[in-house]
Amino acid sequence: ILRGSEARPHLKPYMASLQLDGQHVCGGFLIAEQWVLSAAHCTEETDGKLFQVLLGAHSLTEPEPHKRLYQVRAQFPHPGSNIHNNKDDLLLLQLEEKAELNTDVRVLPFQREDRDVAADTVCEVAGWGTIDHSGRRPDKLQQVQRPVISRDVCNHRTRHDGTITQNMMCTDSRRKDTCKGDSGGPLVCGGVAEGVVTAGSRVCGNYKKPAIYTRIAPYAAWIDSVMASADG
Ligand SMILES: NCc1cccc(NC(=O)c2cccc3[nH]c(C(N)=O)cc23)c1
């Protein structure tokens, strides 16, 4: 998160850190006791290894009461996701066991009604992604509030030039923005997860390249079917 601020500790108890060998790679969030939603692009450089999922954390390194690293039983990238574009950039992770819910670990509901969030709505996004252009990474969860911009503005020739589909949404990226390592985290508007951070053009903090999110509502049926099929 560029030019955000430290989140109030454990006030976003749905946040997950997807880790490989103890290193934060991407964000994610708890959508059910045994399920985390993130971005499919996060698996691009993992060459087949499964993530570990850190829940209940504020600091990535300090001991905290309800911080716990969960093993992942299975990962389900959306079948339409690919490395060439941002389409269907969603990843479901089934934890090895149900997460122990408490004050620092809680499920975040996601939007099921497929209707665009109005432009200028102020939403918030959090993550342990890079906090400056030199790629410095934070130890503590960062957050930032960003206004939604309309798909038409986001698709302007000088912005994302028509690549933003109905299954995507954008927020203003002037100065404050998401960045590397924030992918997979939720865009929360009115207490509900409306989108999942996608790297898109990978650019951070440039107003000409608004931040892009995969809208969740269009994928509610896919999410439910994967959870139902794998839960048995
Ligand atoms: N503001 C939108 C936004 C949201 C989330 C992430 C990003 N930016 C990256 O993720 C990124 C940035 C720079 C080099 C990079 N290399 C790689 C990579 N996977 O090798 C990713 C990146 C941008």
Side-chain angles (χ1 to χ4, degrees), residues 1-5 7 12 15-21 23-29 36-49 51 60 75 77-78 81-91 93 117 122-138 141-151 153-156 158-165 167-189 193-216:
I1 301 279
L2 288 189
R3 297 191 190 88
S5 57
K12 298 173 190 311
M15 282 303 295
S17 164
L18 272 54
Q19 309 203 338
L20 282 180
D21 307 321
Q23 285 279 18
H24 170 83
V25 172
C26 269
F29 61 107
V36 167
L37 184 61
S38 183
H41 272 77
C42 292
T43 61
E44 262 170 29
E45 295 153 8
T46 60
D47 57 23
K49 280 184 277 180
F51 283 113
L60 291 176
Q75 292 177 176
H78 190 283
S81 62
N82 64 76
I83 58 170
H84 305 293
N85 59 41
N86 304 314
K87 286 203 175 81
D88 305 332
D89 189 16
L90 294 178
L91 174 70
L93 302 100
V117 176
V122 177
C123 302
E124 68 177 19
V125 58
W128 287 276
T130 51
I131 58 173
D132 61 27
H133 284 290
S134 65
R136 191 186 313 275
R137 291 177 292 174
L141 184 65
Q142 305 293 304
Q143 68 177 12
V144 73
Q145 294 198 319
R146 300 312 298 141
V148 171
I149 62 174
S150 74
R151 189 170 293 103
V153 167
C154 200
N155 265 327
H156 191 272
T158 62
R159 301 308 194 266
H160 288 299
D161 194 15
T163 63
I164 306 302
T165 68
N167 291 349
M168 301 171 191
M169 64 186 289
C170 300
T171 59
D172 177 275
S173 52
R174 201 172 64 79
R175 293 174 53 76
K176 301 179 179 184
D177 194 10
T178 47
C179 200
K180 185 169 190 195
D182 291 323
S183 297
L187 180 70
V188 183
C189 315
E194 292 279 355
V196 174
V197 177
T198 186
S201 62
R202 290 186 170 180
V203 171
C204 311
N206 178 336
Y207 79 102
K208 294 246 174 178
K209 295 297 173 197
I212 308 171
Y213 307 80
T214 305
R215 293 182 58 241
I216 303 172

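What you are looking at is a predicted structure, and each value in this text was computed from that prediction instead of being measured. Remember, it's 1-based here, ligands and their atoms both numbered in the order they're listed. The first residue in the sequence is number 1, and the count goes up from there.
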What residues form a ring pair (Phe, Tyr, Trp, His ring centres under 6.0 Å) with H78, not counting sequence neighbours?
Y219, W222
Within the 4.0 Å heavy-atom cut-off around ligand 1, the contacting residues, ordered by chain and number, are E45, D177, T178, C179, K180, S183, V197, T198, A199, R202, V203, C204
Do R215 side-chain atoms and E194 backbone N/O form a donor-acceptor pair below 3.5 Å?
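Answer holds: no.
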H160 side chain reached by K209 side chain, heavy atoms, under 4.5 Å
yes
My understanding is that only residues two or more places apart in sequence, or in another chain, count here; which of them pass side chain to side chain donor-acceptor pair (under 3.5 Å) with Q145?
none
Hits for side chain to side chain donor-acceptor pair (under 3.5 Å) against D182, two or more places apart or cross-chain, chain-then-number order -> none
Determine whether the side chains of D132 and S134 contain a donor N or O and an acceptor N or O closer than 3.5 Å.
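Judged by distance alone, the side chains do pair up.
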